[in-house]
Amino acid sequence: MNIYKYGIKLSRLKEKDIELVRTWRNSPQIQQYMEYREHITPEMQKKWFQSVDNTNNFYFIIHYRGEKIGLINSSNADLKELTSEGGIFIWEESYYDTFVPVWSSLCLLETMFFVFGARKSFIKTLNDNPRAIKLNTHLGYELLPGQEEVYNQQYILTRENFEKKANKIMKAASLLAEKENLELVIEFDDEDYKSDFATFMEGRMVKSMIRLKESFHGGKRFRIRPYLV
């Protein structure tokens, strides 16, 4: 599964990339912002991947300008309540204070809320990570009651809040990104269909949001209708 918008590509995490993610996840640069800071072994990483390689967890490698620069997720999805838990880390420091984390987050949130009908997203952020707090609150996440004195604080983003607070960011992103990158595009490849992942996900898409469906090499590409902006 690939998601494209704003010049960002999110590609669903595959086993071939889990060592890349493990290397950066173990680095002090990333580890300092994680609640779990023990060293992760290759065996632990493989076991973790096997536990999340399913239709309740969506981990994506973030690609920008042809480089793999980070990881973003919508995980522990509750398909009945339509909720999930979000997270992101960027390992390319040159992109920390740029629009790239915002665009990456928008790509995934727009997909989850508008294409798959999600209602709420939860996220946890350490209270000594002002960059992450700033990103999340700009997107519309709000601190949950009782979390003020907690170190790893939990925030919530409802679809209504996302539409209200992120709308300005989406408009700004639309002005900055190249015109050919303003359409949300979702792809499932032949491997996604062979594993039934794509069939399951296709069945959960909001059909009215699909502007055009195209076939390619055993896969399908869905072009999504404009919304909000």
Side-chain angles (χ1 to χ4, degrees), residues 1-53 57-76 84-109 111-112 121-141 143 147-157 166 169 172-173 176-177:
M1 179 181 184
N2 296 319
I3 302 170
Y4 303 87
K5 195 174 180 184
Y6 307 118
I8 300 289
K9 174 185 174 184
L10 305 181
S11 62
R12 187 167 175 247
L13 181 65
K14 295 186 177 180
E15 187 163 2
K16 65 183 178 66
D17 280 325
I18 64 175
E19 272 302 290
L20 171 69
V21 173
R22 186 182 75 87
T23 298
W24 283 107
R25 179 61 179 79
N26 279 333
S27 69
Q29 166 194 339
I30 300 299
Q31 206 175 52
Q32 64 179 316
Y33 297 119
M34 300 293 180
E35 185 174 40
Y36 184 82
R37 297 176 182 174
E38 301 299 317
H39 182 78
I40 298 169
T41 66
E43 293 73 23
M44 292 164 67
Q45 185 75 345
K46 191 168 184 178
K47 189 175 179 181
W48 166 79
F49 177 72
Q50 290 169 345
S51 73
V52 299
D53 186 26
N57 294 280
F58 309 94
Y59 284 79
F60 296 92
I61 295 287
I62 302 169
H63 301 247
Y64 185 63
R65 293 179 175 171
E67 291 182 89
K68 297 174 181 178
I69 65 164
L71 186 78
I72 190 167
N73 67 277
S74 177
S75 56
N76 294 322
S84 63
E85 299 169 6
I88 180 174
F89 68 87
I90 304 282
W91 54 71
E92 284 299 334
E93 291 185 90
S94 59
Y95 294 122
Y96 276 9
D97 294 312
T98 70
F99 46 77
V100 171
V102 177
W103 286 3
S104 303
S105 300
L106 286 176
C107 265
L108 187 54
L109 289 170
T111 300
M112 293 304 169
S121 170
F122 296 91
I123 200 165
K124 283 188 171 181
T125 303
L126 301 185
N127 65 11
D128 57 359
N129 186 356
R131 184 183 294 114
I133 293 172
K134 182 179 178 182
L135 170 65
N136 294 330
T137 53
H138 276 196
L139 290 168
Y141 280 93
L143 190 65
Q147 294 288 299
E148 293 79 4
E149 304 302 322
V150 176
Y151 181 46
N152 197 9
Q153 298 173 313
Q154 191 173 30
Y155 290 74
I156 183 173
L157 176 64
I169 303 174
L176 291 169

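The model shown is predicted, which means the values in this text are computed figures rather than measured ones.
Counting heavy atoms from C-beta on, the side chains of Tyr6 and Val102 never come closer than 4.5 Å. Counting only heavy atoms from C-beta outward, the side chains of Thr41 and His39 approach each other to under 4.5 Å. Tyr151 places a side-chain heavy atom less than 4.5 Å from the side chain of Asp128. Within the 4.5 Å cutoff, the side chain of Leu139 has heavy atoms near those of the Leu106 side chain. Within the 4.5 Å cutoff, the side chain of Asn73 has no heavy atoms near those of the Asn57 side chain.
At distances below 3.5 Å, at least one donor-acceptor pair connects side-chain atoms of Asn26 with backbone N or O atoms of Ile40. Listed for the Arg37 side chain is a donor-acceptor partner under 3.5 Å among the backbone atoms of Gln32. At distances below 3.5 Å, at least one donor-acceptor pair connects side-chain atoms of Gln153 with backbone N or O atoms of Gln147. A donor-acceptor contact shorter than 3.5 Å links the side chain of Asn136 to the backbone of Ala132.
Under the 6.0 Å cut-off for aromatic ring centres, Tyr64 and Tyr95 qualify, their centroids lying closer than that.
Distance CE/Met34 to NZ/Lys124: 13.0 Å, rounded to 0.5 Å. Between the CD1 atom in Ile69 and the CD1 atom in Ile61 there is a gap of 10.5 Å [rounded to 0.5 Å]. Interatomic distance, Asn2 CG to Phe60 CZ, rounded to the nearest 0.5 Å: 8.5 Å. From Met44, atom CE reaches atom CZ of Arg25 across 9.5 Å, with rounding to the nearest 0.5 Å. To the nearest 0.5 Å, atom CG of residue Leu10 and atom OG of residue Ser104 are 6.0 Å apart. Put simply, OH on Tyr4 and SG on Cys107 are 11.0 Å apart, with the number rounded to the nearest 0.5 Å.
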**Request:** Run the numbers on Ile3 and Ile8 for side chain to side chain contact (heavy atoms under 4.5 Å, CB included), then give the verdict.
**Result:** CA-CA 8 Å; Ile3 302 170; Ile8 300 289; over 6 Å; no
**Message:** Show, in sequence, the C-alpha distance, side-chain angles and deciding distance for Val21 and Phe89, and conclude whether the side chain to side chain contact (heavy atoms under 4.5 Å, CB included) test is met.
**Reply:** CA-CA 10 Å; Val21 173; Phe89 68 87; 4.1 Å; yes
**Stepwise side chain to side chain contact (heavy atoms under 4.5 Å, CB included) check, Leu109 with Leu157** = CA-CA 10 Å; Leu109 289 170; Leu157 176 64; 4.0 Å; yes
**Request:** Test side chain to side chain contact (heavy atoms under 4.5 Å, CB included) on Asn127 and Val150 and set out the steps.
**Result:** CA-CA 8 Å; Asn127 65 11; Val150 176; over 6 Å; no
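Nearest heavy atom pair, residue Thr125 against residue Asn129, reads CG2-O, 4.2 Å. Residue Ile90 comes nearest to Pro101 through the heavy atom pair CG1-CG, 4.3 Å, listed as atom of the first residue, atom of the second, then distance. Of all the heavy atoms in Ser105 and Leu135, the pair that sits closest is OG-CD2, 4.0 Å. Across all non-hydrogen atoms, the minimal contact from Gly86 to Ser121 is N-OG, 4.1 Å. Contact detail for Tyr36 and Glu38: the closest heavy-atom pair is OH-CB, 3.3 Å. Across every non-hydrogen atom of Phe122 and Tyr141, the tightest pair is C-CE2, 4.2 Å.
Screening Leu108, Ile62, Leu71 for a side chain to side chain contact (heavy atoms under 4.5 Å, CB included) with Ile88, the sole residue that qualifies is Ile62.
Looking at Lys46 and Glu43, no side-chain N of the basic residue comes within less than 4.0 Å of a carboxylate O on the acidic one, giving no salt bridge.
Side-chain polar atoms of Glu85 and Asn76 form a donor-acceptor pair below 3.5 angstrom.
By the 6.0 Å contact criterion, CD on Glu148 is enclosed, its count of non-hydrogen atoms from other residues, nucleotides or ligands being greater than 12.
Using bins of under 30°, 30° to 60° and over 60° for the plane-to-plane angle, the ring pair Trp24/Trp91 lands in the parallel bin.
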